[in-house]
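Note that this is a predicted model, so its numbers are computed, not measured. Note on naming: letters A, B, ... go to the chains in the order of the sequence lines (proteins, then strands), and numbering restarts at 1 for each one. Below, each value reflects all heavy atoms present in this structure, side chains not excepted, and no hydrogens, waters or symmetry copies.
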Amino acid sequence: SYGSVFTHAKAGMENVDRERVARVVYDATVGTPHHENETRKERATSKRIAAMKAKGQGMTKTEWETFGRRADERARAMERTRSGARKWLVVDMDGFYAACEELYDPALKSVPVGVAAGPSSVLTTANYVARKYGVRAAMPGFIAKKLCPDLVFVKPDFKKYVKASNESRGVFAQYNPDYIAGSLDEAYIEVTEYCEKHDTTMEAIAEEIRSKVKEATGGLTCSVGGGCSRRLAKVCSDFNKPNGQYILGTTRDDILKFLRDLPVRKMYGIGKTLERILNEFDIKTCGDLLAKRATMLALFTPKAFDFLLGIALGIGTECHPRETPEGSGGRKGVSKSETFKATADKAYLDAKMTELATEVALECQRLNLKGRMVAVKLKRSTFDVIQRQTTLAGPTNDVKTIVNSALRLMRNENSIGANMTLRLVGA
DNA sequence: ACGTGAAGGACCC
DNA sequence: AACCAGGGTCCTTCATGT
């Protein structure tokens with residue numbers, strides 16, 4: 001199953017020869033430390049699946065019936081919270097970084113483009129020409145080059161992206177200044193009040209936003225999804241990508257029909273691993289998820305069950321995160337990390353860690369934030385990650401305190417495992 | 001039984 | 001020949017103390 005990250009459907013990749021992509025990825029990576037590490041993680045997942053299956057098989061018929069009744073009860077309880085009253089739009093820019101680069105150099109439009117820091121680092125974005133070859137975001141440059149030898153690499157230039165992002169945000173603010181910026185290229189906008197006040201619809205606003213964003217950015221396109229919750233709007237934003245929109249109805253019937261055949265992998269929060277686990281229990285779509293709710297309740301943790309049931313029913317995330325206790329806090333952390341040619345040189349690693357920890361402290365000062373905990377992240381040449389953390393006496397953003405804590409945490413590890421060869425450090 | 005800190009991971013863009 | 005980011009959030013598990 002290795003490589004499934006790069007073969008699952010993504011906008012603009014419908015006609016890609018997935019077999020070929022899988023083969024090229026495999027041939028290019030088999031035997032590398034990264035591949036070994038992926039295999040290790042897959043084995044851990046296999047073990048987890050085996051434990052879940054054993055637990056399921058060990059349960060009696062009576063126990064299963066109890067889980068069935070309780071799962072039904074949870075579903076009924078969740079149903080009671082269903083409300084189609086809110087109207088959410090999600091705007092997602094199409095191939096954002098690549099599209100920004102094309103704006104400055106239109107010649108790029110007709111050639112395959114990958115935006116990456118270097119030809120061997122991972123792509124942050126691929127334009128739609130490149131996607132035809134199976135090239136996509138998160139793919140290492142050297143594999144992308146194998147799939148598409150003519151691929152043109154462009155280094156990311158965040159000034160361009162911030163500018164375009166601000167231009168698009170000016171449009172979002174017209175509909176709700178309290179929009180949620182998911183990232184530079186994505187926003188959640190609640191338009192319930194706007195629709196009410198201006199007697200309009202999500203469809204009409206989505207059209208407006210798409211044309212205004214194109215205007216404001218000088219030609220960038222975006223896709224818009226709409227629905228009665230952030231979750232549903234988000235999944236809809238991908239439905240007619242690129243340069244399209246899809247507004248889902250807000251009745252229970254509309255939602256369940258939509259979800260019935262929707263692959264679970266499309267939902268925010270379900271990635272490669274969870275997809276694999278669910279597949280093992282014959283769950284491919286959100287409809288399957290609903291049907292197998294008793295299994296979910298029996299085998300997943302309570303939080304995970306609630307999350308999955310919410311997906312299956314299309315309930316949850318109707319409100320702004322600030323309306324919930326958990327979401328009301330601000331920034332949780334500040335970090336800096338860097339990958340380099342793997343080395344065991346202690347002087348080099350110390351210098352790197354000092355540099356990064358200093359940047360973190362300065363960034364905290366700039367943001368007027370203080371931290372109660374310092375953590376370091378070390379990635380070995382074998383790609384396994386070591387994290388070490390320490391709680392401070394009190395909140396601080398003092399450079400010396402943060403640098404010394406980070407160095408102490410790293411040196412501690414270095415003295416235990418002789419010859420630790422690292423390819424990344426971070427604080 | 002429960003809160004808390006630490007470590008590891010999954011996931012998102 | 002070798003080459004797989006960097007910024008985040010959240011959850012789970014385990015050890016530990018009360």
Q: Pick the closest DNA chain B nucleotide for A:M373 and for A:D185 by heavy atoms, then say which residue is nearer the 5' end.
A: A:M373
Q: Scan every strand shown for a Watson-Crick or G-U wobble partner of C:dA5, both distances under 3.5 Å, and answer none if you come up empty.
A: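 Partner of C:dA5: none.
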Q: Would you tell me if any nitrogen or oxygen in the side chain of A:T339 comes within less than 4.0 Å of OP1 or OP2 on C:dG6?
A: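 Yes, such a contact exists.
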Q: Under 4.0 angstrom, heavy atoms only, what part of the nucleic acid is A:F383 near: base, sugar-phosphate, or nothing?
A: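 Sugar-phosphate only.
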Q: Starting at CD of A:E275 and ending at P of B:dC11, how long is that distance when rounded to a whole Å?
A: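 Distance, rounded to whole Å: 9 Å.
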Q: Would A:E280 and A:K53 pass as an ion pair if we require N to O under 4.0 Å?
A: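 Looking at A:E280 and A:K53, the cut-off is met.
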Q: From the set B:dC13, C:dC3, B:dG9, return the single nucleotide nearest to any side-chain atom of A:S120.
A: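 For A:S120, the side-chain atoms sit closest to C:dC3.
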Q: Any strand counts, and the cut-off is 3.5 Å on both contacts for Watson-Crick or G-U wobble. Which nucleotide pairs with B:dA1?
A: C:dT18
Q: Which part of the nucleic acid does A:R40 contact within heavy-atom distance under 4.0 Å: base, sugar-phosphate only, or nothing?
A: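 If one applies the 4.0 Å heavy-atom cut-off, A:R40 turns out to touch the sugar-phosphate alone, with no base involved.
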Q: Mapping A:G333 and A:E338 onto DNA chain C by nearest heavy atom, which one lands closer to the 5' end?
A: A:E338
Q: I need the CG-P distance between A:L308 and B:dA10, as an integer number of Å.
A: 16 Å
Q: Both A:R388 and A:E186 contact DNA chain B. Taking the nearest nucleotide for each, which residue is further toward the 5' end?
A: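 Nearest-nucleotide comparison on DNA chain B picks A:R388.
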Q: Any side-chain N or O of A:S337 under 4.0 Å from OP1/OP2 of C:dG7?
A: yes
Q: Would A:R131 count as a cation-pi partner of A:Y128, with NZ or CZ less than 6.0 Å from the six-membered ring centre and within 45° of the ring normal?
A: yes
Q: Between C:dA5 and B:dA10, how far apart are the P atoms? Round to whole Å, please.
A: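 Their P atoms lie roughly 16 Å apart.
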Q: Give one of base, sugar-phosphate or nothing for A:L424, where a contact means two heavy atoms less than 4.0 Å apart.
A: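 Result for A:L424 = sugar-phosphate.
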Q: For the P atoms, the ones on C:dC3 and on B:dC11, what distance do you get once it is rounded to whole angstrom?
A: 26 Å
Q: Could you work out which one of C:dA5, C:dG8, B:dG8 sits closest to the side chain of A:S335?
A: C:dG8
Q: Please state whether the phosphate of B:dG9, meaning OP1 or OP2, lies under 4.0 angstrom from any side-chain nitrogen or oxygen of A:K272.
A: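 Indeed not, no polar side-chain atom of A:K272 lies that close.
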Q: Is it true that A:R265 and A:E275 make a salt bridge, defined as a side-chain N closer than 4.0 Å to a carboxylate O?
A: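 A salt bridge links A:R265 with A:E275.
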Q: Check whether any side-chain nitrogen or oxygen of A:R265 sits under 4.0 Å from OP1 or OP2 of B:dA10, and answer yes or no.
A: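 No.
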Q: Among all residues two or more places apart in sequence or in another chain, which pass the side chain to side chain donor-acceptor pair (under 3.5 Å) test with A:E36?
A: none
Q: OP1 or OP2 of B:dG5 sitting under 4.0 Å from any side-chain N/O of A:T391?
A: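 No, A:T391 has no side-chain N/O under 4.0 Å of OP1/OP2 on B:dG5.
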Q: Any side-chain N or O of A:K332 below 4.0 angstrom from OP1/OP2 of C:dC10?
A: yes
Q: When we call it a touch if two heavy atoms are under 4.0 Å apart, what does A:Y268 touch: a base, just sugar-phosphate, or nothing?
A: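 It contacts sugar-phosphate atoms only.
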Q: Select one nucleotide: of B:dG8, C:dG8, C:dC11, the one nearest the side-chain heavy atoms of A:Q387.
A: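 It is B:dG8.
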Q: Which whole-number value in Å describes the distance from A:I143 CD1 to C:dC3 C1'?
A: 9 Å
Q: Take atom NZ of A:K303 and atom P of C:dT9, then tell me their distance rounded to the nearest Å.
A: 17 Å
Q: What does A:A304 touch in the nucleic acid at a heavy-atom separation under 4.0 angstrom: a base, only the sugar-phosphate, or nothing?
A: sugar-phosphate
Q: Taking 4.0 Å as the cut-off, does a side-chain nitrogen or oxygen of A:Q389 come that near to OP1 or OP2 on B:dA6?
A: yes
Q: Between C:dT13 atom P and A:K47 atom NZ, what is the distance in whole Å?
A: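 One finds 13 Å between P of C:dT13 and NZ of A:K47, rounded.
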Q: Would you indicate what A:K341 reaches in the nucleic acid, counting non-hydrogen atoms under 4.0 angstrom: base, sugar-phosphate, or nothing?
A: nothing
Q: Quick check: are there more than 12 heavy atoms from other residues, nucleotides or ligands sitting under 6.0 Å from NZ of A:K214?
A: no
Q: Which is more 5' along DNA chain C, the nucleotide nearest A:K377 or the one nearest A:T32? Just name the residue.
A: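 Nearer the 5' end of the strand: A:T32.
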Q: Is any side-chain nitrogen or oxygen of A:T301 closer than 4.0 Å to OP1 or OP2 of C:dT12?
A: yes
Q: If only atom types and distance count, is the side chain of A:D94 paired as donor or acceptor with the main-chain N or O of A:N243 below 3.5 Å?
A: yes
Q: Looking at every strand, decide which applies to A:M267 at a 4.0 Å heavy-atom threshold: base, sugar-phosphate, or nothing.
A: sugar-phosphate
Q: Which part of the nucleic acid, if any, lies within contact of A:L123, taking any heavy atom under 4.0 Å across all strands shown: a base, the sugar-phosphate backbone alone, or nothing?
A: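 Counting heavy atoms under 4.0 Å across all strands, no contact is made by A:L123.
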Q: Any side-chain heavy atom of A:F281 within less than 4.5 Å of one from A:M52?
A: yes
Q: At less than 4.0 Å, is any side-chain N or O atom of A:T273 found next to OP1 or OP2 of B:dC11? Yes or no.
A: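 Answer is yes, contact under 4.0 Å.
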Q: What is the separation between atom CZ on A:R276 and atom C1' on B:dC11, rounded to the nearest whole Å?
A: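 Answer to the nearest Å: 17 Å.
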